[in-house]
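Reading through the structure tokens given below for one structure.
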Protein chains: 2
Amino acid sequence: MTGRNRNTSSRRATLADVAQVANVSAITVSRVINHPDKVSGELRQRVQEAIDMLGYIPNQSASSLASARSRVIGVSIPSLSNIVFNDVLRGIYDVAGANGYKVLLVDTHYSPMEEEKMVRTLLSQSPEAMIITGGDQTRACERMLLKANIPVVQMMEILDSPLDMNVGFSHYRAGRDVALKLLETGCERLGFIGARMDTRVQQRLAGFTEALQSSGKFDPGCVITTPEPSSIALGGEMFRSLISTTGGALDAIFCCNDDLALGALFESQRMNIKIPSDLALCGFNDFETSAYVNPSLTSVHVPRYEMGVTAARMILDALDNKPALEKKVDIGYEVRMRQSTRTAQDPAK
Amino acid sequence: MTGRNRNTSSRRATLADVAQVANVSAITVSRVINHPDKVSGELRQRVQEAIDMLGYIPNQSASSLASARSRVIGVSIPSLSNIVFNDVLRGIYDVAGANGYKVLLVDTHYSPMEEEKMVRTLLSQSPEAMIITGGDQTRACERMLLKANIPVVQMMEILDSPLDMNVGFSHYRAGRDVALKLLETGCERLGFIGARMDTRVQQRLAGFTEALQSSGKFDPGCVITTPEPSSIALGGEMFRSLISTTGGALDAIFCCNDDLALGALFESQRMNIKIPSDLALCGFNDFETSAYVNPSLTSVHVPRYEMGVTAARMILDALDNKPALEKKVDIGYEVRMRQSTRTAQDPAK
DNA sequence: ATGGTAAATGTTTGCGCTATCATTGTACCC
DNA sequence: GGGTACAATGATAGCGCAAACATTTACCAT
């Protein structure tokens, strides 16, 4: 089979190949793909047939280069394993995909240095916009993002001075509200279990601490943290450790996320500690498990999917030059009181 | 500020800009970035300074176009919300990232038609390789993938005739093994709860069914399935429903995944059904929760992270023209017997 | 008829980069 | 001292596409 190399089978087909088969100019093929309304029905059909025949797939690199439009949104998250980001990503993908945008996703492993590298990688793809997590970027990373001159959304938390746009909620207030709610149910001695201790967890702890201090009930000896990543296993270990160091004198424990809280809950069952009568337990993020476990777990619910959707919509509006309604959106949260904590009416110990 | 448009501040810097500042040719700058060993130390430093000064970030579209290398691996998964894929993705990202590849990820929502569209999108980015899920592609999708003439890995399940490479395990054998293990512990009447019912779940059910039929213990009335996506809530509902239709005569239930199994477990606690003495329960995928919940949940453990790593490594080897050790890798699985099932020695009911 | 307008299609050019080949400089050998 | 070998750098061309501008045709109002 001579000529195999220069024919349809081997080389990837180009616009020019399609144009030749359809007996039109290359730009007409381009128009059929990008602006079909600008081509007559007859030609449109002829070109489409040639495209199908050759199995033509446009070369997006060439298109991006020529048109300065990549149709890519860069997204940076700190962890692929933390399922908190799944829902957020789903929101972003749903909105971006429905509007013809691809998502290029990177994982920074909670490291600003790595984030800087990853953002550079993303920017080299000429994304039309970026969605990044939190406000803890390096100076160099901020400079790159500003210089890129594209819409940027920082998500997950509310920032004092975002680079551009911002959607999230106040982890500080959420942590404070948890403490207040626990106090309301008659709990006096409150403990805290925290892992990873990224900025958002630190803010939760700060709010929690502040609420306790202002009612004179803060005891640093009841706070236990670790830089290790959260897991159910770790929650169990830290629970056991906190119970032993405090001599079992705690009324309630706030775990910085539901992984830890579920680990604590399961461990408490093994230790024969009654939840909530012996000890109340509160998590954060409100996983589906938390609502169904027995006793069900009090947690802070966050509209993560909606946050992803909002981030993507803010980006799209900015790209469409729509006047942004707000550059900063507080997506809120809700403390969901369940069986793992006591009720105000029944603060029995 | 005249001239602002043509200077560093506004327009994105190009190779030529860097070259001019460093007083070298453009190709030298390119070499500093891509083949630094081919440039003398002095020039390399001068160029690097110019790059830093201008905040130059290469345009990957132009690079891809000129070099026919995109450094992109396309990955297609059926669901972003199903956390089973998190671990797999983590494996892929870790290996791909460490080797300078970007991952372009799409979600097909378990639809072959959507998968076809998404694969077309991925191919338009000229990926150097593709990792896709399962073997349930449309004919057109298969044709596109073959025509692209790049390494392709189909993952998650073992296929009879993969398009190219394949890593996964036999869901059929896993389902069969679960049935056999449950029979070994003295369970006679086995039920099945399945949701989503994608091909892999169907294979688990087929294996499960086959094992029961060959020992004359299969009862289709004990099988309950739905095309809805799995969730803990759904697991609870289906459990309640299966218990009521079978009149509570079951010895054990195999849930097609751990979401459903945990939902069933939590619901059984509320219904005051004793696990495993009244009823044994087995899940699939072995989430972390399953090992720590009380009673701990028997489940089928799958090395998902390793599967992702293996998929990426197979791709890299193929791209390096290393002789692939095997085109098909069985990553295996393991039925982990825990407290939610009985033991062979103690088959008490 | 004449000019004017708009729709349909084509020609040219350049996006930013790298492969390829060409050139220059430098060390080294017999 | 003339040749060989190789390292370092540069000039040129072209990757595939779409923006910008040009041309053709059809149709209408005057």
Side-chain angles (χ1 to χ4, degrees), chain A residues 6 8 10-48 50-51 54-72 100 123-128 148, chain B residues 5-6 8 10-48 50-51 54-72 123-128 148:
Chain A
R6 38 198 355 255
T8 50
S10 166
R11 221 190 69 236
R12 178 168 168 186
T14 70
L15 260 197
D17 297 333
V18 177
Q20 199 184 347
V21 169
N23 198 28
V24 295
S25 72
I27 192 67
T28 299
V29 179
S30 169
R31 280 197 271 254
V32 168
I33 293 167
N34 299 306
H35 312 282
D37 53 309
K38 298 199 169 172
V39 179
S40 69
E42 188 221 352
L43 272 201
R44 197 160 55 219
Q45 188 182 344
R46 214 163 80 210
V47 168
Q48 191 56 57
I51 288 175
L54 294 174
Y56 171 68
I57 294 178
N59 182 325
Q60 184 59 45
S61 296
S63 172
S64 299
L65 187 59
S67 69
R69 296 214 55 188
S70 65
R71 291 255 159 209
V72 164
L123 289 178
S124 78
Q125 303 289 325
S126 313
E128 296 183 32
Chain B
N5 285 334
R6 38 199 354 253
T8 49
S10 165
R11 221 191 68 236
R12 176 169 170 186
T14 69
L15 258 197
D17 296 334
V18 177
Q20 199 184 348
V21 168
N23 198 26
V24 295
S25 72
I27 190 68
T28 299
V29 180
S30 169
R31 280 198 271 254
V32 168
I33 294 168
N34 299 306
H35 311 283
D37 53 308
K38 298 201 170 170
V39 180
S40 69
E42 188 221 353
L43 271 201
R44 197 161 54 219
Q45 188 182 343
R46 214 163 80 210
V47 168
Q48 191 56 56
I51 287 176
L54 295 175
Y56 171 68
I57 294 179
N59 182 325
Q60 184 58 46
S61 295
S63 172
S64 299
L65 186 58
S67 70
R69 298 214 54 188
S70 64
R71 293 252 158 213
V72 165
L123 289 178
S124 78
Q125 303 288 326
S126 314
E128 297 184 31

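Lettering of chains follows the sequences in order, A, B, ..., and the numbering in each one begins at 1. Because the structure is a prediction, the values reported are computed rather than measured.
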In chain order, what residues pass the side-chain hydrogen bond (donor to acceptor under 3.5 Å, both in side chains) check against [X], with sequence neighbours excluded?
X	result
A/Q45	A/E49
B/S25	B/T28
A/S124	none

Step-by-step side-chain contact (heavy atoms from CB on, under 4.5 Å) determination, B/V32 to B/V18: CA-CA 11 Å; B/V32 168; B/V18 177; over 6 Å; no
Provide, to the nearest angstrom, the distance between the [atom1] atom belonging to [X] and the [atom2] atom belonging to [N].
X	N	atom1	atom2	result
A/L54	D/dG16	CG	C1'	15 Å
B/Q20	D/dG10	CD	C1'	16 Å
A/I33	D/dG16	CD1	P	14 Å
B/H35	C/dT18	NE2	P	8 Å

B/I51 and B/I33, any side-chain heavy atoms less than 4.5 Å apart: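 Yes - at least one pair of side-chain heavy atoms lies under 4.5 Å apart.
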Atom pairs, N/O to N/O, protein against nucleotides 23-28 of chain D, distance under 3.5 Å?
none

Nucleotide-resolved protein contact map, nucleotides 4-16 of chain C, B/S/- at heavy-atom distance under 4.0 Å: -----BBB--BBB
What are the two closest heavy atoms between [X] and [Y], and how far apart are they?
X	Y	answer
B/A26	B/L15	O-CD1, 3.9 Å
A/D17	A/R11	OD2-NH2, 2.5 Å
A/P127	A/S70	CA-OG, 3.7 Å

From A/L65 atom CG to B/L65 atom CG, the distance as rounded to the nearest 0.5 Å: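 Atom-to-atom, A/L65:CG and B/L65:CG are 6.0 Å apart.
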Pairs touching residues 18-43 of chain B that satisfy salt bridge (Lys or Arg N to Asp or Glu O under 4.0 Å), sequence neighbours left out: B/E42-B/R46
Qualifying residues under side-chain contact (heavy atoms from CB on, under 4.5 Å), relative to A/V21, sequence neighbours excluded: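 Only A/A50, A/M53, A/L54 meet the side-chain contact (heavy atoms from CB on, under 4.5 Å) criterion with A/V21.
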From A/L43, A/V39, A/V24, A/T14, residue fulfilling side chain to side chain contact (heavy atoms under 4.5 Å, CB included) relative to A/V29: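 Exactly one candidate clears the test, A/V24.
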Pairs involving residues 58-69 of chain A, ordered by first then second residue, that meet side chain to side chain donor-acceptor pair (under 3.5 Å) (sequence neighbours left out): A/Q60-A/S64, A/R69-A/Y101, A/R69-A/E128
Distances under 3.5 Å only, N/O to N/O: pair up the protein atoms with those of nucleotides 23-28 of chain C.
none

Divergence of helical axes at both termini of the helix from C/dA1-D/dT30 to C/dC30-D/dG1 - five pairs an end, 10° steps: 40°
